[in-house]
*Asks:* 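Below are the structure tokens for one structure; questions will follow.
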Amino acid sequence: MNEGKRENHENLEEAVRLRRRRRALGQHEGERPLGRNLALIGALGWTIVTPTLIGVFVGRWLDSRLASGIFWTLSLLAIGLALGCALAWKRMQSE
């Protein structure tokens, strides 16, 4: 039980260090320009939309070839959306 508390304490200390470092960096560099923020939003949108649309198109093609209704379309749509969200999340963490 004591080991869990120590691990939580270490995680909290690391989170506080990271937040202080980000705050100091933000104060040093200043806020990002509006154009850069808008570009990031657009890039994130395409990061999510592109894998989703690829999943839909491949799913529709498979469904038409295999006569499987909408099974592959829905499956690949969900996979594409999940992949796009994961890529967007990773991109946001690197910013």
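What you see is a predicted model, and the numbers here were worked out from it, not measured in a lab.
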*Asks:* Please round to the nearest 0.5 Å and tell me the distance separating atom CG of N11 and atom CD of E13.
*Replies:*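 It comes to 9.5 Å.
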*Asks:* Looking at every non-hydrogen atom in both residues, tell me the closest pair between S75 and F71 and how far apart they are.
*Replies:*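 The pair with the smallest heavy-atom distance is OG-O, 2.8 Å.
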*Asks:* Are side-chain heavy atoms of L77 and T52 found at a separation under 4.5 Å?
*Replies:*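 Answer yes - side chains close enough.
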*Asks:* Hey, quick one: are I48 and I54 part of the same hydrophobic cluster, counting side-chain heavy atoms closer than 4.5 Å, chains of contacts allowed?
*Replies:*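 Hydrophobic grouping puts I48 apart from I54.
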*Asks:* How is the hydrophobic cluster of V49 composed, in terms of its other members, when Ile, Leu, Val, Met, Phe, Trp and Tyr link through side-chain heavy atoms under 4.5 Å apart, directly or indirectly?
*Replies:*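 Under the 4.5 Å side-chain rule, V49 groups with W46, L53, F57.
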*Asks:* If you count heavy atoms of other groups shown closer than 6.0 angstrom to CG of L40, is the number above 12?
*Replies:*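 Atom CG in L40 is crowded, with more than 12 foreign heavy atoms closer than 6.0 Å.
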*Asks:* Do R60 and L76 have side chains that get closer than 4.5 Å, going by heavy atoms?
*Replies:*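 Answer no - side chains too far apart.
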*Asks:* For a quick test of reading the model, state the closest non-hydrogen atom pair linking S68 to L62 and the distance between them.
*Replies:*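 Heavy atoms of S68 and L62 come nearest at OG-O, 4.4 Å.
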*Asks:* State whether the number of non-hydrogen atoms from other residues, nucleotides or ligands found under 6.0 Å of R19 atom CZ is greater than 12.
*Replies:*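 Open: at most 12 neighbouring heavy atoms sit under 6.0 Å from CZ of R19.
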*Asks:* Work out which heavy atom in L66 is nearest to a heavy atom in W72; give both atom names and the distance.
*Replies:*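 Taking L66 first and W72 second, the nearest heavy atoms are CD1-NE1, 3.6 Å.
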*Asks:* For T47 versus L87, what's the shortest heavy-atom pair and its separation?
*Replies:*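 That closest heavy-atom pairing would be CG2-CB, 3.6 Å.
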*Asks:* Testing the basics here: between P51 and L83, what is the closest heavy-atom pair and its distance to 0.1 Å?
*Replies:*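 Where P51 meets L83 most closely, the heavy atoms are CB-CD2, 4.2 Å.
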